[in-house]
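Here's the structure, in structure tokens; my notes come after.
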There are 2 protein chains.
Amino acid sequence: MSAPSYPEAILISERTIGRLAQYRRILTELVRDNLETVHSHQLALRCGGSAAQVRRDLMVIGAEGSPNKGYKCAKLLASLAEFLTQPGTQKVALVGIGNLGRALLSYSHKQQPGLLIVAAFDIAPDKTNKVIDGCRCFHIDTLESVIKEQNIKVAIIAVPGEAAQLVADRLAIAGVRGIVNFAPAPLHLPPSVFVENIDVTMSLEKVVYFAAKGTQSERNKSA
Amino acid sequence: MSAPSYPEAILISERTIGRLAQYRRILTELVRDNLETVHSHQLALRCGGSAAQVRRDLMVIGAEGSPNKGYKCAKLLASLAEFLTQPGTQKVALVGIGNLGRALLSYSHKQQPGLLIVAAFDIAPDKTNKVIDGCRCFHIDTLESVIKEQNIKVAIIAVPGEAAQLVADRLAIAGVRGIVNFAPAPLHLPPSVFVENIDVTMSLEKVVYFAAKGTQSERNKSA
DNA sequence: CTCACATTGTGAAAGTTTTCACAATTCATT
DNA sequence: AATGAATTGTGAAAACTTTCACAATGTGAG
């Protein structure tokens with residue numbers, strides 16, 4: 001029980017967690033550029049939100065800034081990293097080594113340190129039993145065993161819509177607790193598994209709509 | 001002035017438009033499968049929402065279903081298509097022919113009919129002046145001329161974060177009115193340009209967070 | 001040291017989205 | 001024709017999110 005524990009109890013909204021992850025990315029850049037401190041309105045500018053929102057978000061992780069000087073970049077980054085991530089490297093599985101899957105694999109390098117796609121699965125034999133971008137590719141038949149062996153808790157689904165539910169079921173049974181789903185189909189899973197859907201087609205259609213009609217406003221919500 | 005006009009005036013939220021696009025996709029399948037009618041709770045199941053939500057969403061396009069029989073699939077699909085899309089094919093430009101860009105190109109085929117990536121741009125000479133998945137690839141220097149020539153109003157940005165703002169500015173000046181932005185950086189553009197951000201890293205981090213802590217719930221928001 | 005100023009932290013207000021709940025309506029059956 | 005079961009359409013309530021606004025608090029100049 002040496003892990004530092006937060007008050008918890010209060011549950012933090014998905015929206016807020018998403019923005020905290022953005023703040024972390026921005027702070028990583030600021031620290032790299034040797035910035036000492038940062039104001040809420042500067043963070044707001046960088047992420048497209050409002051200063052009040054930034055402060056409210058940072059409240060939930062108990063960050064403190066000093067009036068007139070703002071937040072200490074290094075300290076804030078450390079708090080965010082500790083809050084958002086588990087200690088150690090977070091291992092991620094990818095299912096579906098198509099075009100999208102390969103794009104994700106090539107991203108995996110640039111990702112936040114501590115977040116890595118360590119296993120990829122596909123049903124096509126010509127895509128398996130090799131290493132792509134440093135990630136080992138397996139046949140889908142071995143999904144359960146590899147996931148359990150490596151104790152993987154997070155997965156990305158990048159398979160065609162028809163196959164998504166089946167894959168999701170297998171992942172859940174194998175012990176996966178969180179899924180990023182690129183298939184344009186809702187996954188029905190026990191509530192113990194967290195699912196984040198990314199539906200590119202839907203996003204495109206939204207943009208087409210608002211580009212045609214008078215625009216709404218450049219709202220920022222990401223993903 | 002032969003185009004049918006909706007009451008308009010009431011402005012419809014981004015969330016709602018996104019869901020309407022989902023309903024359209026689902027209805028396309030239902031019609032293909034020769035389903036005659038569909039109930040709100042069936043649509044809800046298929047898209048991961050609630051029946052009440054479906055009904056409220058369909059209200060805004062003035063759809064009518066009959067009690068005890070639900071909505072006529074064909075009629076509802078027609079209403080949705082008319083509401084969501086402009087007449088004619090919507091041409092889309094893609095900037096950035098990396099892994100992600102190519103994945104999007106290969107999707108473009110399967111997209112809703114009437115939505116097509118017709119031009120792709122990159123800065124690397126070895127990626128330009130060819131045809132990939134039926135889409136012509138140009139050097140980024142020709143961005144303005146091609147976009148204007150083809151009267152393209154919607155674009156997808158799939159370039160590294162550092163280049164995104166520059167590309168966005170050029171797109172906006174060339175006449176683009178809506179952008180899907182995959183770069184993990186907020187775009188600052190006049191409000192006449194609609195921007196939808198898709199931040200894969202952020203989504204992954206959200207999932208990592210909620211997979212570790214007790215899960216929230218499998219909420220459906222997509223994109 | 002004191003003052004003026006910029007900024008944080010946060011209660012309360014405003015705004016937005018979702019859910020509830022129920023009258024109205026239609027269909028199938030008797 | 002009348003009854004009952006299922007479903008829509010929607011006003012109102014609830015839940016959630018964002019913004020406002022301001023007291024508290026450091027900071028730096030004079």
Side-chain angles (χ1 to χ4, degrees), chain A residues 7 10-20 22-23 27 30 35-73 75-76 79-80 186 206 210 216-223, chain B residues 7 10-20 22-23 27 30 35-73 75-76 79-80 186 206 210 216-223:
Chain A
I10 30 158
L11 94 159
I12 296 152
S13 87
E14 234 177 281
R15 301 291 250 305
T16 301
I17 295 297
R19 285 190 300 263
L20 289 175
Q22 287 191 272
Y23 303 150
L27 279 161
L30 297 182
L35 263 283
E36 200 64 40
T37 61
V38 66
H39 296 306
S40 56
H41 65 88
Q42 296 174 304
L43 280 174
L45 193 69
R46 288 262 206 154
C47 78
S50 74
Q53 176 117 76
V54 170
R55 294 201 298 275
R56 181 137 327 258
D57 288 338
L58 293 182
M59 245 178 74
V60 311
I61 66 162
E64 2 190 291
S66 65
N68 222 13
K69 236 181 49 177
Y71 302 89
K72 294 203 168 188
C73 293
K75 185 154 164 287
L76 185 52
S79 302
L80 282 167
K206 266 168 73 172
F210 285 114
Q216 192 95 308
S217 81
E218 177 210 351
R219 300 216 48 216
N220 139 291
K221 332 131 286 334
S222 304
Chain B
I10 32 158
L11 92 159
I12 296 152
S13 88
E14 235 178 282
R15 301 291 247 310
T16 302
I17 295 297
R19 285 190 300 263
L20 289 175
Q22 286 191 273
Y23 304 149
L27 279 161
L30 297 183
L35 263 284
E36 198 67 37
T37 61
V38 66
H39 295 306
S40 56
H41 66 87
Q42 295 174 305
L43 280 174
L45 193 70
R46 288 262 206 154
C47 78
S50 73
Q53 176 117 78
V54 170
R55 294 201 299 275
R56 190 154 297 280
D57 288 339
L58 293 183
M59 245 178 74
V60 312
I61 65 162
E64 1 191 291
S66 66
N68 222 13
K69 234 181 50 179
Y71 301 88
K72 295 203 166 187
C73 293
K75 185 155 165 286
L76 185 53
S79 301
L80 282 166
K206 265 169 72 172
F210 285 113
Q216 193 96 308
S217 83
E218 177 211 350
R219 301 216 47 217
N220 139 292
K221 329 132 288 327
S222 303

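Within every chain, numbering begins at 1; the chains are lettered A, B, ... in the order of the sequence lines, protein sequences first and strands thereafter. All values derive from a computational prediction rather than experimental measurement.
Neither OP1 nor OP2 of D:dC16 sits under 4.0 Å from any side-chain N or O of B:Arg15. Within the 4.0 Å cut-off from OP1 or OP2 of D:dG9, at least one side-chain nitrogen or oxygen of B:Tyr71 is found. Distances shown here put every side-chain N or O of B:Arg55 at or beyond 4.0 Å from the OP1 or OP2 atom of C:dA21. OP1 and OP2 of C:dT17 both lie 4.0 Å or more from every side-chain N or O belonging to B:Gln53.
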For nucleotides 24-30 of chain D, 5' to 3', base contacts (B), sugar-phosphate-only contacts (S) and non-contacts (-) with protein non-hydrogen atoms under 4.0 Å give -BBB---
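Within the structure, side chain to side chain donor-acceptor pair (under 3.5 Å) pairs that include any residue of residues 39-48 of chain B comprise B:Glu29-B:Arg46, B:Ser40-B:Arg55 (at least two apart or interchain).
Rounded to whole Å, atom C1' of C:dT8 lies 14 Å from atom CG of A:Asp57. Protein atom CG of A:Leu45 is 13 Å distant from nucleotide atom P of C:dT7, rounded to whole Å. One interatomic measurement links the two molecules: CG of B:Leu58 to P of D:dT7, which rounds to 16 Å at whole-angstrom precision. The nearest whole Å value for the distance from the CD1 atom in A:Ile61 to the P atom in C:dT10 is 13 Å. One atom, CD of B:Glu14, and another, P of C:dT17, lie 9 Å apart when rounded to the nearest Å. Atom CZ of B:Arg19 is separated from atom C1' of C:dT19 by 12 Å (rounded to the nearest Å). Look at CD on B:Glu64: it is 14 Å from C1' on D:dT10, rounded to the nearest Å.
Residue-to-nucleotide proximity on DNA chain D shows that, of A:Thr16 and B:Ser40, the 5′-proximal contact is made by B:Ser40. Between B:His41 and B:Met59, the residue anchored closer to the 5' end of DNA chain D is B:His41, taking for each the nucleotide with the nearest heavy atom.
A donor-acceptor contact under 3.5 angstrom links the side-chain atoms of A:Arg56 to the base of D:dT19.
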Residue pair B:Leu43, B:Leu76: steps toward the side-chain contact (heavy atoms from CB on, under 4.5 Å) verdict: CA-CA 12 Å; B:Leu43 280 174; B:Leu76 185 53; 4.3 Å; yes
